[in-house]
Amino acid sequence: MPTLKIDGVEITVPPGTNLVEAAKVAGKDIPIFCYHSHLSIAANCRMCLVHGSQNGRPWPKAMPACQTLVADNMEIDTCSEKTQAVRKGVLEFILINHPLDCPVCDKSGECMLQDNFFEHSNRPSRFHEYKEQKLKTYDIGPQIIYDGERCINCTRCVRFMDEIALDNQLAQINRGDRSVIACAEGKQLDHPYAMNTVDLCPVGALLGKDFRFQKRAWFLQHTDSVCPGCARGCNVVIDSARLENEVYRIKPRDNAAVNGPWMCDDGRWTYHQARERRLTQATVRQDGEHKAVAVDVALRQAATLVRLHLGKPTLAVAVSPHLTSEDLYLAASLQKQLFRASTYAVTGHAPWKGDNFLKVSDRNPNRRGAAAIHDALGLKDVLDGNALLTAVESGKVKALVLIGTELPSADFDRLKAAFSKLDALVVLASEKDAAAQLADVAIPVAAFTEMEGLWVNAFGRVQRVRACVPPKGDAQPAWKALRGLARQLDVNVRQADHRDLVVDLAREVPLFNNLTHESVGAFGVARGAETSAPRKVGEGKLPEDFTLPA
């Protein structure tokens, strides 16, 4: 393997490594704009220029570090006055036509151009002529705004669409200081993975309409978590504001075993379900009307309704694969010792159209975890959501406890007709959806942005979900609401807190053996065959042992 020196630090790296990556091994950071480790090399921004020598012979000029591969006996200079002068010149050139938009630009605070300027130049501009006028706030797609004046023509977005999305929707047109990024005539940037171009853009040229003008970057706190959109479980960063306790956006987090640095656009919008239509107060139905009550009052009423059906063929209990594994474990334990329902089901959203990249047809993030728990605890004949609705519609079920209200049908009229046949409907819900609106008792529980726990993706990888904001209103984790319901039914749940549930889950369910939240860590633990994230569209495949829902 090649051995070289970077700023006097000797390192040995694999052949084929470029100098940007080699510098990281030496503890050095070479500034970049156009380089991205998952895209081809463009070397058009020149921000990474470095000086060096080979076998004692100095290079005739500075070379782009992203395009230069390591070799034996190289000596690289990344921080001398000579190299710094080159960087200042590159930044001055890039900024010639760049507008002074920082006070109103949404990229301010996380802009690579800002960061590189203050670190590597930080001197007044000598340019006094008029700046080039280009497209401004142009709708380049249904979700994305393009600002041509801010664009530095790094072509990251073009390369992503060409090489990862395999859909040539973008191109660089014109020459020199008139170059812009544009779609083909009559086309728009509307690919299901188009928002990744916004993440890639190093400046404020591409901005998502959903987040635009919502919150300044420096007010956001970042929480590592998992996307609830489908069974792949893409690793994400959830950005929230502490002052309002609100979530403002979801962005992908690089995990080489799951999703790489990408995610689908549909996954990004899942945070809306944690912000909108939230059930924040417990309600009970009185005289056909819903009345807001304290959670304890709702739990007592729920216990009164359910008690009449415990252990009888008329009782059904259903759990959602959007719950954490800890929630599911407690629900399964209570099914065995308390509910003893003849009908037990795992519901979940109906499938959507998956793709051959990151989207899995199963829209539920923890179906595999639910199956592992039910198998380990010996629960037999577990139904799916469709079979549950059929049982309710047949009149066989008279009392239904829904723990999580993700159902395979969103048809309000169908659900209303089915639930009207029940004598008792108790739901633990995070949203004011159809089930919560039709319930005799509705108890608010935490959304995925407010939960701590473990999910298992389609590939058998155990991953950690983290709370980034506190539960809204009277909402609480589902396991805590279940514990309260059990207490009202004269059963004391032994687990006093969430940590106790994790210990018992790890002891009783083989899939979780010897795991804790800490050992699962930021990137999860593989409990199936180890996988690699697909690199581009066309490479995404499901494991053979994962059965898609009907």
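Only a predicted model underlies this, so the values are computations on that prediction, with no experimental measurement involved. Side-chain atoms are counted along with the backbone in the values below, which use heavy atoms only and exclude waters and symmetry mates.
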Practice problem: Would you mind checking if Glu452 and Arg464 are paired as a salt bridge, meaning a charged N to carboxylate O distance below 4.0 Å? | Solution: yes

Exercise. Kindly indicate, with the supporting measurements, whether the criterion side-chain hydrogen bond (donor to acceptor under 3.5 Å, both in side chains) is fulfilled by Tyr271 and Glu276.
Key: CA-CA 9 Å; Tyr271 82 90; Glu276 300 157 11; over 6 Å; no

Practice problem: Taking Asn255 for its side chain and Asn259 for its backbone only, find out whether a donor-acceptor pair lies under 3.5 Å. | Solution: no

Quiz prompt | Heavy-atom closest contact (Lys336 atom, Leu377 atom, distance) | solution = NZ-O, 3.0 Å

Quiz prompt | Asp190 side, atom CG; Asp167 side, atom CG - distance, nearest 0.5 Å | solution = 8.0 Å

Quiz item: Should Asp224 and Arg253 count as an ion pair when the cut-off is N to O under 4.0 Å?
Solution: yes

Quiz prompt | Intermediate values then yes/no, side-chain hydrogen bond (donor to acceptor under 3.5 Å, both in side chains), His272 and Asp210 | solution = CA-CA 10 Å; His272 284 286; Asp210 186 66; 3.0 Å; yes

Quiz item: Distance-only, no hydrogens or angles: does the Gln463 side chain make a donor-acceptor pair with backbone N or O of Gly233 under 3.5 Å?
Solution: yes

Practice problem: Could you go through the ring-ring contact (aromatic ring centres under 6.0 Å, His included) check for Tyr344 and His374 one step at a time? | Solution: CA-CA 10 Å; Tyr344 191 82; His374 297 147; 5.3 Å; yes

Self-check item: Arg275 CZ: over 12 foreign heavy atoms closer than 6.0 Å
Solution: yes

Quiz item: Between the main-chain N or O of Leu323 and the side-chain N or O of Trp455, is there a donor-acceptor pair closer than 3.5 Å?
Solution: yes

Quiz item: How long is the gap from CD on Gln335 to CG on Leu330, to the nearest 0.5 Å?
Solution: 12.0 Å

Quiz item: To the nearest 0.5 Å, how far apart are SG in Cys230 and NZ in Lys359?
Solution: 8.0 Å

Quiz prompt | Heavy atoms of other groups near Lys209 NZ, more than 12 under 6.0 Å | solution = yes

Quiz item: Does atom NZ of Lys251 have more than 12 heavy-atom neighbours from other groups under 6.0 Å away?
Solution: yes

Practice problem: Start with the C-alpha gap between Leu207 and Ile144, add the side-chain angles, then the distance that decides, and say whether side chain to side chain contact (heavy atoms under 4.5 Å, CB included) holds. | Solution: CA-CA 6 Å; Leu207 293 173; Ile144 300 174; over 6 Å; no

Quiz item: Is a salt bridge present between Glu393 and Arg414, judged by a nitrogen-to-oxygen distance below 4.0 Å?
Solution: yes

Quiz item: For the side chain of Arg249 and the backbone of Ile238, is there at least one donor-acceptor N/O pair under 3.5 Å apart?
Solution: no

Practice problem: Carefully, step by step, assess Ile32 and Cys66 under the rule side chain to side chain contact (heavy atoms under 4.5 Å, CB included). | Solution: CA-CA 8 Å; Ile32 57 170; Cys66 65; 5.7 Å; no

Practice problem: Name all residues meeting the ring pair (Phe, Tyr, Trp, His ring centres under 6.0 Å) criterion together with His36; count only those two or more places apart in sequence or in a different chain, and write none if there are none. | Solution: His38, Trp262

Quiz item: With His517, which residues qualify under ring pair (Phe, Tyr, Trp, His ring centres under 6.0 Å), at least two apart?
Solution: His498

Quiz item: Can a salt bridge be assigned to the pair Glu450 and Arg278 using a cut-off of 4.0 Å between side-chain N and carboxylate O?
Solution: yes

Quiz item: Do Asn364 and His349 pass the side-chain hydrogen bond (donor to acceptor under 3.5 Å, both in side chains) test, and can you show the C-alpha distance, the side-chain angles, and the key distance before you say yes or no?
Solution: CA-CA 7 Å; Asn364 306 286; His349 289 309; 5.3 Å; no

Quiz item: Taking Asp504 for the side chain and Arg507 for the main chain, is one N or O donor matched with an acceptor at less than 3.5 Å?
Solution: no

Quiz item: So, the side chain of Arg159 versus the backbone of Ser40: is there a donor-acceptor pair under 3.5 Å, distance only?
Solution: yes

Self-check item: Exceeds 12 heavy-atom contacts within 6.0 angstrom, atom NZ of Lys536
Solution: no

Quiz prompt | Donor-acceptor pair, side chain of Thr155 and main chain of Val158, under 3.5 angstrom | solution = no

Quiz item: Is the side chain of Asp106 donor-acceptor paired with the backbone N or O of Phe213 at a distance under 3.5 Å, no angle test?
Solution: yes

Self-check item: Donor-acceptor contact below 3.5 Å, side chain Arg461 vs main chain Ala529
Solution: no

Quiz item: Should Arg156 and Asn196 be marked as a side-chain hydrogen bond (donor to acceptor under 3.5 Å, both in side chains) after you check the CA-CA gap, both sets of side-chain angles, and the distance that decides it?
Solution: CA-CA 10 Å; Arg156 277 183 168 194; Asn196 288 286; over 6 Å; no

Self-check item: Pro444 backbone acceptor or donor facing Gln476 side chain under 3.5 Å
Solution: no

